[in-house]
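These notes concern the structure reproduced below.
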Amino acid sequence: NISFSTNGQSDMTNGIIPAQLLSSSANGEKTKATTGTKLIGDKALGSVQISNGNPNPINLTTGTFLTSSGGLKFVTSSTASVSGQILPGQPGTALVNVTAFDIGSQYNLAKGEIFSVGNFSKSLVAATSQADFTGGSSQTISAVSAIDQTSLENDLKTELMNQASGDIASKVATDQIFVNNLIGAEISSENFDHKVGDSADNLKLSLAINVSGLGADKASLLKYANGILKDNVPSGYVLKDSQIDFKFTFLDQKDGSYNYKVTITANFLPQVNTGAISSLIAGKTSDAAESYLVSIPGFTRAEVKLRPNLPSFIATLPHITKNITIDVVPE
């Protein structure tokens, strides 16, 4: 665990490395097809005759439930006053319009359907449809789901964070190392063109974010890494700063200190006597120099760069060894 301090603190023993806080912003738009569905349609309409077999009149409020023999529910569209039974077999009656409780063609019931009314006993109070019910319909259409919004936001946020990360990396100084696992992204504005449940084939998001990252002091971080790795260098090998790599995972922050889990990896290179090699290849052509290098254990290939760049038939390595630089790198 390494703590990157933006307050100028440095403590190799406790893994505190100086760092600079860097920021960037990014905005953009993205559109994706919706995957949600929505059932839309119309409610069936009709009229019923209420029959009251009680000796006393009844009054029905608007929204009184009627239930068909198949369990489908309807509600009255207005109040209704139904007189009591005048003579046996001659119940009081009243006509009232009703509306299906939900959409769908299953509510288009035929003339003569008998309904129970509210909480009344069906043997005393019932309703009978006076004509076929009509208008009930339903269809499934594309709609925005919560998953659509979440997925689109995650995709666009990732794209914008990559964009902002590249911008922050460009601000990192040559004496710094980019801590490329960003501290986080704060959404400054977000606008979906449709809400969850809206009928739509596509969903568009406009998003703007503010992102923060760190440029760590290169010398301090490499010194710390060398201290961690020095006891792991195998005999006959050397550790070069250029061969140390870091993987950063942000943990948390407090009072200007940003805590990371850091994985440090390195390529250990064979220890070679570059001075002796320079003496042996001085004044030789590139081909002759490579012929010698082949004899070195672990050698794969050589790339010789001459400055100035002379024609191959007169080009040789410098005769003075201090003008020869040898750099050993992994293949």
Side-chain angles (χ1 to χ4, degrees), residues 30-54 56-85 89-156 190-206:
K30 191 175 182 68
T31 302
K32 68 171 293 182
T34 56
T35 61
T37 58
K38 182 179 181 180
L39 188 67
I40 64 170
D42 297 310
K43 296 180 178 181
L45 303 174
S47 63
V48 297
Q49 177 176 278
I50 308 292
S51 298
N52 178 19
N54 289 297
N56 299 317
I58 60 173
N59 294 307
L60 303 179
T61 60
T62 302
T64 298
F65 277 101
L66 277 64
T67 307
S68 72
S69 57
L72 296 176
K73 293 188 178 299
F74 294 76
V75 292
T76 58
S77 303
S78 61
T79 60
S81 180
V82 188
S83 62
Q85 180 174 250
Q90 295 184 6
T93 61
L95 286 174
V96 63
N97 293 326
V98 297
T99 303
F101 182 70
D102 205 350
I103 62 174
S105 59
Q106 68 271 27
Y107 289 89
N108 293 329
L109 300 180
K111 176 183 178 180
E113 176 72 25
I114 299 176
F115 303 82
S116 61
V117 178
N119 293 322
F120 293 103
S121 169
K122 195 174 183 179
S123 62
L124 294 175
V125 180
T128 305
S129 57
Q130 300 301 290
D132 293 344
F133 281 75
T134 60
S137 65
S138 63
Q139 61 175 321
T140 300
I141 61 171
S142 298
V144 178
S145 70
I147 293 176
D148 291 333
Q149 284 196 345
T150 301
S151 174
L152 181 57
E153 179 183 303
N154 289 340
D155 290 347
L156 182 54
E190 179 182 66
N191 181 47
F192 290 99
D193 66 343
H194 294 289
K195 301 187 298 296
V196 172
D198 283 355
S199 171
D201 293 324
N202 295 287
L203 177 66
K204 183 172 76 172
L205 170 63
S206 299

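All values below were derived from every heavy atom in this structure, side-chain atoms included, with hydrogens, water molecules and symmetry-related copies excluded.
- Listed for the Q106 side chain is no donor-acceptor partner under 3.5 Å among the backbone atoms of G136.
- Remark: aromatic rings of Y107 and F133 are distant, center separation not under 6.0 Å.
- For the 3.5 Å distance criterion, the side chains of N54 and N52 qualify, holding a donor opposite an acceptor.
- Under the 3.5 Å distance criterion, the side-chain polar atoms of S151 are left unmatched by any main-chain donor or acceptor of I147.
- Considering every non-hydrogen atom in both T93 and S51, the closest pair reads CG2-OG, 4.0 Å.
- The side-chain hydrogen bond (donor to acceptor under 3.5 Å, both in side chains) test applied to T79 returns no partner, not counting sequence neighbours.
- The shortest heavy-atom contact between T67 and K73 is OG1-NZ, 3.3 Å.
- When all heavy atoms of L39 and S138 are compared, the pair lying nearest together is CD1-CB, 4.0 Å.
- Rounding to the nearest 0.5 angstrom, the gap separating the CG atom in D193 from the OG atom in S206 is 8.0 Å.
- By the salt bridge (Lys or Arg N to Asp or Glu O under 4.0 Å) test, K30 is found to be paired with E159, residues two or more places apart in sequence or in another chain being considered.
- In K111, the NZ atom is not crowded: 12 or fewer heavy atoms of neighbouring residues, nucleotides or ligands sit closer than 6.0 Å.
- Atom CG in N59 sits 9.5 Å away from atom OG1 in T61 (nearest 0.5 Å).
- Here the shortest heavy-atom pairing between V82 and A94 reads CG2-CB, 3.8 Å.
- The shortest non-hydrogen separation linking T34 to V144 is CG2-CG2, 3.9 Å.
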If you apply the rule side chain to side chain contact (heavy atoms under 4.5 Å, CB included), what do you find for I50 with L60, and how did you get there?
CA-CA 10 Å; I50 308 292; L60 303 179; 4.2 Å; yes
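- K195 meets the salt bridge (Lys or Arg N to Asp or Glu O under 4.0 Å) test with D198; sequence neighbours excluded.
- You'll find the side chain of L66 reaches within 4.5 Å of the side chain of T76, heavy atoms only.
- Here the CG atom belonging to L72 is positioned 11.5 Å from the CZ atom belonging to F101, to the nearest 0.5 angstrom.
- The list of side-chain hydrogen bond (donor to acceptor under 3.5 Å, both in side chains) pairs with a residue in residues 36-50, not counting sequence neighbours, is empty.
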Please tabulate, for the side chains in residues 120-129, all donor-acceptor contacts under 3.5 angstrom to protein atoms that are two or more places apart in sequence or on a different chain.
{"residue": "S121", "atom": "OG", "partner": "S123", "partner atom": "N", "Å": "3.4"}
{"residue": "S121", "atom": "OG", "partner": "S123", "partner atom": "OG", "Å": "2.8"}
{"residue": "S129", "atom": "OG", "partner": "A110", "partner atom": "O", "Å": "3.0"}
{"residue": "S129", "atom": "OG", "partner": "G112", "partner atom": "N", "Å": "2.9"}
{"residue": "S129", "atom": "OG", "partner": "E113", "partner atom": "N", "Å": "2.9"}

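- The number of heavy-atom neighbours closer than 6.0 Å to CG of N119, taken from other residues, nucleotides and ligands shown, is 12 or below.
- Among pairs with a residue in residues 95-104, those fulfilling side-chain hydrogen bond (donor to acceptor under 3.5 Å, both in side chains) read S77-T99, at least two apart in sequence or across chains.
- Remark: T134 OG1 to N108 CG distance equals 6.5 Å, nearest 0.5 Å.
- Side-chain contact, D148 with S145: a donor N or O sits under 3.5 Å from an acceptor N or O.
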Run the numbers on S69 and I114 for side chain to side chain contact (heavy atoms under 4.5 Å, CB included), then give the verdict.
CA-CA 7 Å; S69 57; I114 299 176; over 6 Å; no
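- The minimum heavy-atom distance between A33 and N202, with the atom names listed, is CA-OD1, 3.5 Å.
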Criterion side chain to side chain contact (heavy atoms under 4.5 Å, CB included) on F74 and V48, from CA distance to verdict:
CA-CA 11 Å; F74 294 76; V48 297; over 6 Å; no
Let's go through F192 and L152 carefully: what are the C-alpha distance in whole Å and the side-chain angles of both, what is the deciding distance for side chain to side chain contact (heavy atoms under 4.5 Å, CB included) to 0.1 Å, and is it a yes or a no?
CA-CA 10 Å; F192 290 99; L152 181 57; 4.2 Å; yes
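- Looking only at side-chain heavy atoms (C-beta outward), S199 and I40 stay at 4.5 Å or farther from each other.
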